[in-house]
Student: 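Below is one structure. I have some questions about it.
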Protein chains: 2
Amino acid sequence: MADNTGSNSADIFIAKFSSYIDLSEQEQEVIEALTQNSMTVDEGQDIILESEKSSSAYLLQSGWAIRYKVVPDGGRQIISFLLPGDIFGFRESLFDLSDDSVQALTPIIVHRLPAEKIAEICDSFTNLSLALTWARAREHAILAEQIVRLGRRNAYERLGHLLLELLHRLQLVDKAGSSEYYLPLTQEILADTLGLSIVHVNRTLRKLRNDKMIELDPKTRRLRILNKEALSERTGYDQSFLDQLGDPSRSPQEAIGSD
Amino acid sequence: MADNTGSNSADIFIAKFSSYIDLSEQEQEVIEALTQNSMTVDEGQDIILESEKSSSAYLLQSGWAIRYKVVPDGGRQIISFLLPGDIFGFRESLFDLSDDSVQALTPIIVHRLPAEKIAEICDSFTNLSLALTWARAREHAILAEQIVRLGRRNAYERLGHLLLELLHRLQLVDKAGSSEYYLPLTQEILADTLGLSIVHVNRTLRKLRNDKMIELDPKTRRLRILNKEALSERTGYDQSFLDQLGDPSRSPQEAIGSD
DNA sequence: TTCGCGCATTTACATAGGTTATCCTTGATA
DNA sequence: TATCAAGGATAACCTATGTAAATGCGCGAA
């Protein structure tokens, strides 16, 4: 299974961490070892069920997933999207407070990390431990952004803002063009993410299209953002928010050593 | 400054961590050492400014604070409340991605932890490092809950749900009676937290009062929840969500060793 | 004592967004 | 080829929540 051709499944994680943290040879090898055995999960399958304690964390190799909660009246709120290169479940693996579920939106490939393994690695490799901390901080920033979106923006801004964030995050892992990407989300999922009704998401998408902000082909699920500048301006999207979250153009030294 | 009378400023933190993690004598002493020099911050003062990099974390000894963001149009969204016993700023202290600000709502007392100190402690004391991880996980759960509140609940549910969460969190640090606590929040702050207008918060509070769900004396700022059961039911509040976040009644062994 | 300011309260009115229902397209399945 | 289900699009109507404006109350400053 292992290969040394220079492109293997560990690359995405190494690249992501390296944008902020200098990993030693040895640490990179650890990551490679961890990503040797992968499992696939089908679209629509739950990986972590609410209340079911999982004792593993997962590295998401490819595909999209959501973290969500169900509310008593049957509604669903999507907390965040998990994209290639993201890690999830380590919180739950340490404490039994997984109160949200994770579900694959597309077929996905993940690498499973047993809890003991994580603890072991954190003990032995400072930078990997730091990388984990960094991933958590990143996640926190994304959640905070989602709170602002829901609390202080209208439907148009929410949608535009989310689409920009996704573009940005996908670009960081090389899964998007300069203004275009594959968006495997139904309007229902957008609604459950943005706290809107399906109908209103539809209305709002139409408005975005009419305003020449986006093009979205429902067949191919290809989204193109026609005017990033205007859309960012219109939706209050702050480029710098995600730049901090691991822009590959920053040198690790600069990032770590600052202050 | 140190005292051994059995009640000192470290107690609140030790008690909080101990509900989930067994701290050694030595580790408790470290916490005590950390909480020896405190600083006070006045009501309305910012502790961490957006974009200003702070290289310290803080332990909140007493008083209330908010974590918030401002949106381009001048609005403010409160991300979360910081209550006695909470830790904040360690994320920002490690990476320069403090994109939200922290402000004291009441006069507060905090203990400052320089970044190096944190790193040093995490290296040397496994359980303290674990405690920190746990605090982060807790915070994450609270943010997720806030997202659900904003995304999938109406004004009445949002308010009731938040008031229950605050009761619950305050009880964990012994700052609330069985159904009553000091709530130093103006309606404007509630509005900025819940993504509502001030007027609507006012309307909704009235409704809660009329329904005999709460009593709130604007003079003393004393809030009493008259019927926890009914309010939890009505607002979809899940008792278990915060029970997991450090209920002192759980034995640490049970919590840690499970699985 | 009075002024002024922050905060709570209320009313009248405006609108963003929810609900319900129908129809269309497409693609999988029999 | 017919059927069915999922997702998208639209229209008519309804309501929760926002906006604007005015009023009152308490409290600290002069």
Side-chain angles (χ1 to χ4, degrees), chain A residues 42-44 64 71 73-77 103 105-107 149-162 182-211 214-223 234-236, chain B residues 42-44 71 73-77 103 105-106 149-163 182-211 214-223 234-235:
Chain A
D42 285 345
E43 180 180 341
W64 290 47
V71 288
D73 64 32
R76 171 176 69 167
Q77 175 65 43
Q103 180 176 102
L105 279 187
T106 68
R149 225 170 6 223
L150 290 173
R152 282 291 171 236
R153 297 193 219 271
N154 62 28
Y156 192 95
E157 293 162 345
R158 284 184 212 180
L159 244 178
H161 193 276
L162 176 65
Y182 171 65
L183 180 78
L185 306 182
T186 62
Q187 298 186 350
E188 181 178 11
I189 291 189
L190 287 171
D192 286 347
T193 304
L194 299 174
L196 300 169
S197 67
I198 300 183
V199 175
H200 201 59
V201 166
N202 185 289
R203 277 199 276 256
T204 309
L205 278 173
R206 186 185 355 149
K207 211 172 288 178
L208 281 164
R209 265 191 256 106
N210 286 345
D211 289 355
I214 64 168
E215 265 173 25
L216 176 54
D217 182 345
K219 306 287 155 54
T220 66
R221 306 238 112 129
R222 205 82 203 163
L223 174 84
R234 179 79 170 66
T235 64
Chain B
D42 286 345
E43 180 179 341
V71 287
D73 64 31
R76 171 177 69 167
Q77 175 64 45
Q103 179 176 101
L105 278 188
T106 67
R149 222 165 14 218
L150 290 172
R152 282 293 171 233
R153 298 192 219 270
N154 62 28
Y156 192 95
E157 294 162 345
R158 284 184 212 180
L159 244 177
H161 193 275
L162 176 64
L163 295 177
Y182 172 64
L183 180 78
L185 307 182
T186 63
Q187 298 186 352
E188 182 178 11
I189 290 190
L190 287 170
D192 286 347
T193 304
L194 299 174
L196 299 170
S197 67
I198 300 183
V199 174
H200 201 58
V201 166
N202 185 288
R203 278 198 276 255
T204 309
L205 279 172
R206 190 192 342 155
K207 211 173 288 176
L208 281 164
R209 267 190 255 106
N210 287 345
D211 289 355
I214 63 168
E215 264 172 24
L216 176 55
D217 182 346
K219 307 287 153 54
T220 67
R221 305 239 112 130
R222 205 82 203 163
L223 174 83
R234 180 78 170 66
T235 64

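Protein chains get the first letters and strands the later ones, always in sequence-line order, with residue 1 at the start of each.
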Student: State which residues pass side chain to side chain contact (heavy atoms under 4.5 Å, CB included) with Asp192(A); sequence neighbours excluded, sorted by chain then number.
Tutor: Arg76(A), Ile78(A), Glu188(A), Arg152(B)
Student: Check every nucleotide of DNA chain D for an atom under 4.0 Å from a heavy-atom of chain B, then give the first and the last such nucleotide from 5' to 3'.
Tutor: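 Counting from the 5' end, contacts occupy dT17(D) to dG26(D).
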Student: Distance under 4.0 Å to a non-hydrogen atom of chain B counts as contact; along DNA chain C, which nucleotides mark the start and end?
Tutor: dC7(C) to dA12(C)
Student: Nearest heavy-atom pair of Ile198(B) and Ala191(B): which atoms, and what distance?
Tutor: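 Looking at all heavy atoms of both residues, the closest pair is N-CB, 3.8 Å.
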Student: With no hydrogens and no angle check, is any side-chain donor or acceptor of Glu215(B) less than 3.5 Å from a backbone partner on Leu223(B)?
Tutor: no
Student: Below 4.0 angstrom, which residues in residues 151-160 of chain B have at least one non-hydrogen atom near DNA chain D?
Tutor: Asn154(B), Ala155(B)
Student: Pro218(A): what forms a side chain to side chain contact (heavy atoms under 4.5 Å, CB included) with it, not counting sequence neighbours?
Tutor: none
Student: Quick one: side chain to side chain donor-acceptor pair (under 3.5 Å) partners of Arg158(B), sequence neighbours excluded?
Tutor: none
Student: Please list, chain by chain and in numerical order, all residues satisfying side chain to side chain contact (heavy atoms under 4.5 Å, CB included) with Glu43(A), sequence neighbours excluded.
Tutor: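 Partners of Glu43(A) under the side chain to side chain contact (heavy atoms under 4.5 Å, CB included) test: Pro107(A).
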Student: Counting any heavy atom closer than 4.0 Å, what does Arg206(A) reach on the DNA or RNA strands: base, sugar-phosphate only, or nothing?
Tutor: sugar-phosphate
Student: Calculate, to the nearest 0.5 Å, the distance between atoms CG and CZ belonging to Leu162(A) and Arg149(A) respectively.
Tutor: 4.5 Å
Student: So, using side chain to side chain donor-acceptor pair (under 3.5 Å) as the criterion, who are the partners of Asn154(A) when residues are at least two apart?
Tutor: none
Student: Compile the donor-acceptor pairs under 3.5 Å between side chains in residues 203-210 of chain A and protein atoms, sequence neighbours left out, one pair per line.
Tutor:
from: Arg203(A); atom 1: NE; to: His200(A); atom 2: ND1; distance (Å): 2.9
from: Arg203(A); atom 1: NH2; to: His200(A); atom 2: ND1; distance (Å): 3.3
from: Thr204(A); atom 1: OG1; to: His200(A); atom 2: O; distance (Å): 2.6

Student: Which residues, if any, of residues 182-198 of chain A bring a heavy atom under 4.0 Å of DNA chain D?
Tutor: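 Thr186(A), Gln187(A), in order of number.
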Student: Which residues pass the side chain to side chain donor-acceptor pair (under 3.5 Å) test with Glu157(B), sequence neighbours left out?
Tutor: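 By the side chain to side chain donor-acceptor pair (under 3.5 Å) rule, Glu157(B) matches no residue at all.
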Student: Would you compute the distance between atom CG of Leu183(A) and atom CG of Asp217(A) and round it to the nearest 0.5 angstrom?
Tutor: 11.5 Å
Student: Please list, chain by chain and in numerical order, all residues satisfying side chain to side chain donor-acceptor pair (under 3.5 Å) with Gln187(A), sequence neighbours excluded.
Tutor: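 So Gln187(A) forms a side chain to side chain donor-acceptor pair (under 3.5 Å) with Asn202(A).
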